[in-house]
Amino acid sequence: MAFSYTCLGGATLKTLRLSSCSSILRPSLHLLSPPPKTLTLHTLHHLAKTYKFPPFLTRAISFPAGQTLDEKETVKPYQWKATIDFKWIRDNKDAVALNIKSRNSIADLDLVLELYEKLLNLQKEVQSLRGERNVVANKMKGKLEPLERQELIEEGKVLKERLLTLEEDLLKLTEKLQQEAQCIPNMTHSDVPIGGEDCSGLRKMVGSQRQFDFPIKDHVQLGKELDLFDFDAASEVSGSKFYYLKNEAVMLEMALTNWAIAETMKRGFTPLTTPEIVRSSLVEKCGFQPRGSNTQVYSIEDSDQCLIGTAEIPVGGIHMDSIIADSQLPLKYVAYSHCFRTEAGAAGSATRGLYRVHQFSKVEMFILCRPEDSDSFHQELIEIEEDLFSSLGLHFKTLDMATGDLGAPAYRKFDVEAWMPGLGRYGEISSASNCTDYQSRRLGIRFRPSTEQTSSNSKKGKANAGTTQFVHTLNATACAVPRMIVCLLENFQQEDGSIVIPEPLRPFMGGLTQIRQKGQ
């Protein structure tokens, strides 16, 4: 399902007031006394030496763009870094610039390239100084006159101070480059239509609109008459866009969930349930923005954690920072979870009832595969979705979404929109995205190609034996429960107010064939 994507750097938080305690230290690191709440560069260096922090933590000291370095400034204890191919971006500047424009991205390519050039020059300068310092150190090992030794000591001190300054500048520049480069969206499939959502192409139309010979009702009215929902009580308990499911609606949610998992398992997917609270950094690595005025993500106050908006996020994190054996690919998961979204900016009659809510259940498919296989798996995912919805007797269309509606991670995305007669329009019920290596470069998920595969690719200039590559990731919705309930109630309503249950769901509802008013 789609999120709103913005580049890093937003300030506003959607927060939940939950108790939490955050620390810059991993749980396995035990201190004799707690670290100060305000950390300076020198404090961190002292802690690193005193308590022997692992290298990844001491390297992670970084500074926000626009700040100068001094002893009074606080720094972030850790900032994750994406493995972005800056050389490829520089060598393909025109294509990247056109892609940024067609996707309505706010990424500043010129600034990224400028920062990259500065970084290269600064790295050369640092390496040169390190070389000079090594020369001085080697001279000190020999037999020297006192005056000559003192001169070398002074020269070494000057080089050390210059090197410390440049290394701090290098950290700051690297942080700024990452911040800007992470705004650059994924590249786009050549067949994707250019433009906004209205320019999206029709991939497939399945079925036709049902013709009713009686006045139709929307799902809100049907649910009220059949005693399936309670929006009023939920509004008092939790606020707007929350709901209680009751009676057969509960059975319908369970049936949809179990049916979707069972059907995808037949197609080789491994079932999962996932954590529903994750680290903010994981949300960012998957391409979503946990902060900003239009964020769809609920952040937990005084912590580095968020509620998930889709199981794509925790499933993507399972293999984070790992190398997968080539023989294990593809990895195909189907995950059940609750999802939480702020639905910032959503309003109007099209969002009433179950159509747009803050909390819902969803079954999500997720694939990790070799780069050359991702296009075919993308086709497989959309075909699974089409088969599932066709089997329920729904009328829907599949769209090849235009560049302006892809979001940052997707290389290509198909949306499924089903006819909802009560709403009098098509509504999105599913999507399937190929994110290529956009997420894996941020999550650090690689694989090591087999010897046979490496040999076959050697003529194309690809990786040598033993070299790892980034996997491609794909995701697709098997069943977003509330919108499926909307479709089923509105499309299968009868003149007497009852609802016919589609045959594939009946075994999961204890054989129930219809939902009727109580007492009928």
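The first residue of the sequence shown is numbered 1, and numbering continues consecutively from there.
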Salt bridge between [X] and [Y], side-chain N to carboxylate O under 4.0 Å?
X	Y	result
Glu343	Arg341	no
Arg352	Asp218	yes
Asp400	Arg203	no

* List the steps, then state whether side chain to side chain donor-acceptor pair (under 3.5 Å) holds for Lys362 with Thr310. => CA-CA 8 Å; Lys362 183 160 69 78; Thr310 169; 2.9 Å; yes

* Asked: For Arg370 and Asp326, what are the C-alpha separation, side-chain angles and deciding distance, and is it a salt bridge (Lys or Arg N to Asp or Glu O under 4.0 Å)?
  -> CA-CA 8 Å; Arg370 301 175 190 87; Asp326 185 64; 2.9 Å; yes

* Between His378 and Phe414, what is the ring plane arrangement, given parallel below 30°, perpendicular above 60°, and tilted in between? ->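 Answer is parallel, since the angle falls under 30°.
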
* Please identify each residue that fulfils salt bridge (Lys or Arg N to Asp or Glu O under 4.0 Å) with Asp375, with sequence neighbours left out. =>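 Scan of Asp375 (salt bridge (Lys or Arg N to Asp or Glu O under 4.0 Å), adjacent residues dropped) gives none.
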
* Could you grab the distance from atom CD of Glu386 to atom OG1 of Thr398, nearest 0.5 Å is fine? =>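 One gets 3.5 Å once the value is rounded to the nearest 0.5 Å.
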
* **Test: Arg448 cationic atom under 6.0 Å from Phe470 six-membered ring centre, within 45° of axis** =>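 Ring-cation test returns no.
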
* To do: State which residues pass side chain to side chain contact (heavy atoms under 4.5 Å, CB included) with Leu119; sequence neighbours excluded, sorted by chain then number.
  =>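 Applying side chain to side chain contact (heavy atoms under 4.5 Å, CB included) to Leu119 gives Gln123, Leu170, Leu173, Thr174, Leu177.
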
Would you mind writing out the side-chain donor-acceptor pairs for residues 265-275 within the sub-3.5 Å range, not counting sequence neighbours?
| residue | atom | partner | partner atom | Å |
| --- | --- | --- | --- | --- |
| Lys266 | NZ | Glu263 | OE2 | 3.0 |
| Arg267 | NH1 | Glu263 | O | 2.9 |
| Arg267 | NH1 | Glu263 | OE1 | 3.4 |

* ring pair (Phe, Tyr, Trp, His ring centres under 6.0 Å) contacts in which one or both residues fall within residues 96-119, not counting sequence neighbours ->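 Qualifying pairs: Phe86-Tyr116.
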
* List the steps, then state whether ring-ring contact (aromatic ring centres under 6.0 Å, His included) holds for Phe360 with His358. => CA-CA 7 Å; Phe360 59 96; His358 290 311; over 10 Å; no

* Is there a donor-acceptor contact under 3.5 Å linking the side chains of Gln178 and Gln182? ->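 Present: a donor and an acceptor within the cut-off.
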
Considering only distance and modelled atom types, tabulate donor-acceptor pairs under 3.5 Å from the side chains of residues 106-115, sequence neighbours left out.
| residue | atom | partner | partner atom | Å |
| --- | --- | --- | --- | --- |
| Asp108 | OD1 | Asp110 | N | 3.4 |
| Asp108 | OD1 | Leu111 | N | 3.1 |
| Glu114 | OE2 | Lys118 | NZ | 3.3 |

* What residues form a ring pair (Phe, Tyr, Trp, His ring centres under 6.0 Å) with Phe377, not counting sequence neighbours? ->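 By the ring pair (Phe, Tyr, Trp, His ring centres under 6.0 Å) rule, Phe377 matches no residue at all.
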
* To do: Flag the pair Tyr426 / His395 as yes when their ring centroid distance falls below 6.0 Å, and as no otherwise.
  =>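 Ring centroids of Tyr426 and His395 are less than 6.0 Å from each other.
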
